[in-house]
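If you read the sequence from its start, that first residue is 1, and numbering goes on from there.
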Amino acid sequence: MIQNSELILNPDGSVYHLNLRPEHIAHDIIFVGDQNRVEKITQFFDSIEYSTQKREFKTQTGIYKGKRISVMSTGIGPDNIDIVINELDALVNIDFETRQPKENLTSLNIIRIGTSGSLQTDIPVDSFVMSKYGLGLDNMLRSYLIDEVSNADIEEAFIKHTNWDAKKGKPYAIACSEKLEKIIESDQMFKGITATAGGFYGPQGRVLRLNIQDQELNSKMDNFNFDEQRITNLEMETAAIYGLSALLGHNALSLNAIIANRASGTFSEDPYKAVDALIAYTLDKLAGN
């Protein structure tokens with residue numbers, strides 16, 4: 001039995017942070033970071049059956065072209081992803097009455113739609129990136145036993161290429177879901193490795209008033225290449241989503257609209273247009289259109 005202190009439920013029987021009960025979520029789920037972006041997606045739905053919000057976690061579940069889909073805001077960073085995916089898994093794979101894992105487990109389909117900055121000059125603003133791998137620089141997933149789902153060859157090659165400081169913890173590399181990759185991919189999308197940082201400023205090489213441990217890290221990442229896979233972009237959620245999903249038996253895929261190019265110093269003139277185009281494309285693919 002899972003103790004009350006480990007799986008915390010609200011008085012109404014909903015899971016603690018997400019404020020959701022099992023019947024509130026679909027098995028196809030879209031993640032966004034910003035809670036205001038949830039309705040930018042669900043505005044296209046034919047109907048909305050449930051909506052709730054607690055803290056930064058906003059969820060709406062409804063129907064799009066006959067497909068039941070949930071859209072959820074995760075907030076920023078790998079620590080929030082740890083909360084969201086563990087609680088989503090509990091909703092479908094733990095019996096809240098007996099407080100024990102179910103015999104027959106459910107696999108969720110999780111697609112992140114985000115915005116990101118490109119690290120490569122040939123991946124322009126307003127383009128789309130599909131994350132073939134997530135490369136975690138944040139160390140969050142190392143709290144779990146990840147050897148069976150991580151790619152040690154990519155990890156070691158990256159550590160050697162960047163002369164990575166072991167005091168920051170060991171990076172981890174996790175592949176996307178091949179199932180979702182086949183459903184969503186198109187010739188218009190760039191593919192590669194998405195690096196996931198644990199913060200927005202120093203961890204992503206931004207310098208305001210504080211010096212950082214490795215001022216050359218971004219340029220090292222620019223020219224990293226493993227088996228023809230480059231690091232395409234840098235953000236704060238993908239590797240954590242891939243890792244926890246793989247460990248728990250869920251399918252995960254991360255898509256990003258590129259709104260900035262760190263290599264060229266450019267920013268999209270209309271980032272909302274790029275995000276809206278990615279939303280429309282993803283919804284239609286999920287609905288089988």
If you group Ile, Leu, Val, Met, Phe, Trp and Tyr by side-chain heavy-atom gaps below 4.5 Å, do [X] and [Y] land in one group?
X      : Y      : value
Leu248 : Leu20  : yes
Leu278 : Ile258 : no
Tyr144 : Leu88  : yes
Tyr133 : Ile146 : no
Ile174 : Met221 : no

Got a sec: does the [atom1] of [X] have more than 12 other heavy atoms crowding it under 6.0 Å?
X      : atom1 : result
Glu23  : CD    : yes
Lys67  : NZ    : no
Lys191 : NZ    : yes
Glu178 : CD    : no
Gln188 : CD    : no

Using a distance-only test with no angle check, is there a side-chain donor-acceptor pair under 3.5 angstrom linking [X] and [Y]?
X      : Y      : value
Ser14  : Asn19  : yes
Ser268 : Asp126 : yes
Glu56  : Asn80  : yes
Lys168 : Gln213 : yes
Asp89  : His250 : yes
Ser131 : Thr194 : yes
Thr61  : Glu49  : no

Tell me, with the steps shown, if Lys285 and Glu185 meet salt bridge (Lys or Arg N to Asp or Glu O under 4.0 Å). CA-CA 9 Å; Lys285 286 291 187 178; Glu185 67 181 348; over 6 Å; no
If we only count heavy atoms from C-beta on, is the [X] to [Y] side-chain gap below 4.5 Å?
X      : Y      : value
Met72  : Lys58  : no
Asp284 : Lys65  : yes
Thr162 : Leu217 : yes
Leu7   : Ile94  : yes
Asp222 : Ile231 : no
Leu244 : Leu141 : yes
Ser254 : Asn256 : yes
Glu155 : Tyr172 : yes

Report the hydrophobic cluster partners of [X], with the cluster defined as I, L, V, M, F, W, Y residues connected by side-chain heavy atoms closer than 4.5 angstrom, directly or transitively.
X      : answer
Tyr16  : Ile8
Met236 : Ile76, Phe200, Tyr201, Leu208
Ile259 : Phe267

If a pair satisfies salt bridge (charged side-chain N to carboxylate O under 4.0 Å, His left out) and one of its residues is in residues 229-239, list it, with sequence neighbours excluded. Arg112-Glu235, Arg112-Glu237, Asp122-Arg230
Write down the atom of [X], the atom of [Y], and the distance for their closest heavy-atom approach.
X      : Y      : result
Ile212 : Gly205 : CD1-CA, 3.8 Å
Ser186 : Tyr281 : CB-OH, 3.0 Å
Ser73  : Gly33  : CB-O, 3.8 Å
Asp95  : Lys102 : N-CG, 4.0 Å
Ile25  : Ser70  : CA-OG, 3.4 Å
Asp46  : Gly66  : OD2-N, 4.0 Å

Could you measure the distance from the CD1 atom of Ile279 to the CD1 atom of Ile30? Nearest 0.5 Å is fine. 8.0 Å
Which value, rounded to the nearest 0.5 Å, describes the distance between Lys220 atom NZ and Gln215 atom CD?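 These two atoms lie 11.0 Å from each other.
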Under the ring-ring contact (aromatic ring centres under 6.0 Å, His included) rule, collect the residues that match up with Phe158, sequence neighbours excluded. Trp164, Phe224
For Tyr50, what residues pass the ring-ring contact (aromatic ring centres under 6.0 Å, His included) criterion, not counting sequence neighbours? His24
Any sub-3.5 Å donor-acceptor pair from Ser118's side-chain atoms to Ile123's backbone N or O? yes
State whether the side chain of Ser177 and the backbone N or O of Leu180 hold a donor-acceptor pair below 3.5 Å, judged by distance alone.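 Looks like yes, one N/O pair under 3.5 Å.
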Please report the C-alpha distance between Lys170 and Ile159 in whole Å, then the side-chain angles of each, then the deciding distance to 0.1 Å, and finally whether the side chain to side chain contact (heavy atoms under 4.5 Å, CB included) criterion is met. CA-CA 8 Å; Lys170 186 179 180 180; Ile159 290 168; 3.8 Å; yes
Test side chain to side chain contact (heavy atoms under 4.5 Å, CB included) applied to Asn4 and Arg99, step by step: CA-CA 9 Å; Asn4 292 342; Arg99 304 187 70 87; 3.2 Å; yes
